[in-house]
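Shown next, in structure tokens, is the structure this report addresses.
Residue numbers start from 1 in every chain, and the chains themselves are labelled A, B, ... in the order their sequence lines are given, proteins ahead of strands.
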Protein chains: 2
Amino acid sequence: MSIRNKPNGGRPPAPLMDNDCMRCPVRAESLFGALPDDVVERLNNPSEHLVIPAGEVIYQENAEALASYTLKDGVIKLTRTAVNGREQILRLLTQGDIMGVESLLGQTYNHTATTLTPVQLCRLPLSVLKRLQTDHPTLNNALLARWAAALQQVETLAVELGTKKANERLATFLLYWADKNGGHAQVPLPLSRTETGELLGLTVETVSRFFAEWKRRGYVSEKAGVLTLHDREALNQLGGGYTATKLTALTGSPRIG
Amino acid sequence: MSIRNKPNGGRPPAPLMDNDCMRCPVRAESLFGALPDDVVERLNNPSEHLVIPAGEVIYQENAEALASYTLKDGVIKLTRTAVNGREQILRLLTQGDIMGVESLLGQTYNHTATTLTPVQLCRLPLSVLKRLQTDHPTLNNALLARWAAALQQVETLAVELGTKKANERLATFLLYWADKNGGHAQVPLPLSRTETGELLGLTVETVSRFFAEWKRRGYVSEKAGVLTLHDREALNQLGGGYTATKLTALTGSPRIG
DNA sequence: CGATCTATTGATCACATTCAAATTTGGTGG
DNA sequence: CCACCAAATTTGAATGTGATCAATAGATCG
């Protein structure tokens, strides 16, 4: 079984889902951490729980937006396609992240969302979200915090793309990804070489070459889609140092209930 | 007098400022388009009007945030500095844009804000903005729309940086900038060659070379900091076509008053 | 007018892409 | 369990692009 077929990129799976938002394991960190219990109670009906295999497209850039989603387990990439046809991965979503909310302000999705691992999603029709937003203005605080975090992430990506060389970008990304997944030396890497290139503005071959070199040097190793970082310091020096993004925006997200 | 010393990059200056938010020429398009008249009325005291020459830093990345700003006239760049010391311009602000609001969710500014032309600003202490946000939840809608627009912009930048070549990025940028400034053939370009490079992830020399070549070919000309586009089609083909960003998010911003 | 900063141009070099081929991996069914 | 296939990865060689280094020309401001 490939890494891409392991839920949550190989991490311990979230507890089994039922259709009860109240008992949702990601509720606290999700958007609805901001909503009172009785409101979340009534969410049961409209929201819909989905289990989707790896490699599926959840929605397409520019398609009419019908729903937003909360990612309960697994990894999803958000991409945009340039005029020349090349793809750019803009964000990688993991447990607790939301997507498709941008259509609150437009009619269409801004990205294509594709599963990189099997995924558990909670689907919320936009109509419901819009009503919630009207009825509970505090929800906007949570949305604002999410938007701010997304902006931070994409800004960081733009700085990487605009100021660093191939090996620096790749090294920084590996450290970032390990950090994001608990900071352990072992980390599932659900991105193919091609996808890693699409994130970092590089070709498959370039990505592959640096991986190969770093394996030779003993900086990293890889087995069954799980990456092991043996020499963070070496990568750190290559990447020019990785500093965790300020996440105050998210951790400080309001809990009203 | 260089272009950088012309307010608003050489465009007709905004009407003379007084300290009256009610008569502010950018109020409708500004954040406070969302606020009722009587509330804006009371803004007179706390908000402060500033006139600042070109080349000044308004605030620094990571500095403690004390105020947010509305840009009434002129051009400002928002930059972040990478670990290796190289700068990345993330956004260019023009009339009606706001900045420094990210500190609502953190303690510090996320960017360094530098004037590219003389500038007229409206400074609003964060304490006031926070109070407004609490008292008028609808303000969050306007903030959300701004944040969404900013995210769109930076995502577009990331796609440019990640998927396009030097000449494509530069061509696209020129078309974008002309479009943003009313779509006329003549456009003030308040960026130095170095700064253009810092926006597009290129060196001064590379930027200069393409400008030179395109001048030779008659695609563009330049005089006193004003760029003239003679052959948009040529640039369009180079850049792979420029499509205006969806701005529904902004144009649809709620007006409550 | 002279000093200083910015832009241009040229020559060389390093990096990353491209094109092509070989190899490995993971999944399939015998 | 092994053989086989398709897809992904790795590796090599050649090319092209953009960076770097260096020198000149031009603009701006006191």
Side-chain angles (χ1 to χ4, degrees), chain A residues 1-6 10 53-55 82 84-87 116-118 160-171 188-217 220-227 238 240, chain B residues 1-6 10 53-55 82 84-88 116-118 160-171 173 189-217 220-227 238:
Chain A
M1 189 189 232
S2 130
I3 181 69
R4 295 185 76 123
N5 292 323
K6 294 216 182 76
N84 54 24
R86 290 187 59 180
E87 280 220 323
L116 296 183
T117 65
E160 291 289 310
L161 293 174
T163 63
K164 289 188 178 179
K165 299 204 262 202
N167 57 348
E168 300 172 326
R169 299 201 286 247
L170 184 56
L189 190 69
L191 297 176
S192 69
R193 295 288 187 260
T194 301
E195 285 164 333
T196 307
E198 285 170 350
L199 174 68
L200 302 174
L202 304 171
T203 59
V204 206
E205 294 95 330
T206 301
V207 174
S208 180
R209 276 182 241 275
F210 283 114
F211 263 105
E213 184 176 337
W214 295 347
K215 284 176 186 172
R216 258 178 266 126
R217 294 196 193 170
V220 304
S221 65
E222 230 181 352
K223 200 180 173 190
V226 174
L227 181 75
L238 279 173
Chain B
M1 189 189 230
S2 130
I3 182 68
R4 295 186 76 124
N5 291 323
K6 294 219 182 75
N84 53 25
R86 289 187 60 179
E87 280 221 323
Q88 178 66 45
L116 296 182
T117 66
E160 290 290 309
L161 294 174
T163 64
K164 289 189 177 176
K165 298 205 266 198
N167 57 348
E168 300 173 326
R169 299 201 287 249
L170 184 57
F173 167 65
L189 189 69
L191 298 175
S192 69
R193 295 288 188 260
T194 302
E195 284 164 335
T196 307
E198 285 171 350
L199 174 68
L200 302 174
L202 305 170
T203 58
V204 204
E205 294 95 332
T206 300
V207 174
S208 181
R209 275 183 243 273
F210 283 114
F211 263 104
E213 184 176 338
W214 296 347
K215 284 176 185 172
R216 257 178 266 127
R217 294 195 193 170
V220 304
S221 65
E222 230 181 354
K223 198 180 174 189
V226 174
L227 181 75
L238 278 174

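By the 4.5 Å heavy-atom criterion applied to side chains, B:Leu189 and B:Phe211 are counted as neighbours. Side-chain contact between B:Leu170 and B:Trp214 is present, with heavy atoms from C-beta onward closer than 4.5 Å.
Whole-Å rounding puts the A:Glu222 CD to C:dT24 C1' distance at 13 Å. In this structure, B:Lys165 places its NZ atom 8 Å from C1' of D:dG16, rounding to the nearest Å. Between the CG atom of A:Asn84 and the P atom of C:dT17 there is a distance of 13 Å, rounded to whole Å. Distance A:Leu200 CG to C:dT17 C1': 16 Å, rounded to the nearest Å. Taking atom CZ of residue B:Phe211 and atom P of nucleotide D:dG26, one finds them 19 Å apart after rounding to whole Å. The separation between B:Phe210 atom CZ and D:dT17 atom P is 9 Å, rounded to whole Å. B:Glu198 has its CD atom 15 Å from the C1' atom of D:dA19, to the nearest Å. One atom, CG of B:Leu189, and another, P of D:dA27, lie 17 Å apart when rounded to the nearest Å.
The listed nucleotides are D:dT9, C:dA16, D:dT17; the one nearest the side chain of A:Thr194 is D:dT9. You'll find that the side chain of B:Leu202 is closest to D:dA19, out of D:dT17, D:dA19, C:dT17. With distances taken from any side-chain atom of B:Val204 to the nucleotides C:dT8, C:dC15, C:dT17, the minimum falls on C:dT8.
Within the nucleic acid shown, B:Lys215 comes within 4.0 Å of sugar-phosphate atoms alone, with no base atom in reach, counting heavy atoms only. Among the heavy atoms of the strands lying under 4.0 Å from B:Gly201 are primed sugar atoms or P, OP1, OP2 only; no base atom is included.
In terms of phosphate contacts, B:Thr206 brings no side-chain nitrogen or oxygen within less than 4.0 Å of OP1 or OP2 of D:dG18. A close approach under 4.0 Å does not occur between any side-chain nitrogen or oxygen of B:Thr203 and OP1 or OP2 of D:dG18. Dashed line: the shortest gap from a side-chain N or O of A:Ser192 to OP1 or OP2 of D:dA8 is not under 4.0 Å.
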request  = Quick one: do A:Thr196 and A:Phe210 satisfy side chain to side chain contact (heavy atoms under 4.5 Å, CB included)? Show the steps, please.
outcome  = CA-CA 12 Å; A:Thr196 307; A:Phe210 283 114; over 6 Å; no
request  = Decide yes or no on side chain to side chain contact (heavy atoms under 4.5 Å, CB included) for B:Leu161 and B:Arg169, but give the supporting numbers first.
outcome  = CA-CA 7 Å; B:Leu161 294 174; B:Arg169 299 201 287 249; 4.2 Å; yes
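Evaluation of atom-type donor-acceptor distances gives a pair under 3.5 Å for the side chain of A:Arg209 against the base of C:dT18.
Ion pairing between a basic and an acidic side chain is recognised when a charged N comes within 4.0 Å of a carboxylate O; A:Glu168 and B:Arg86 show no such pairing.
Each of B:Arg216 and A:Glu205 was assigned the nucleotide of DNA chain C with the nearest heavy atom; the assignment lying further toward the 5' end belongs to B:Arg216.
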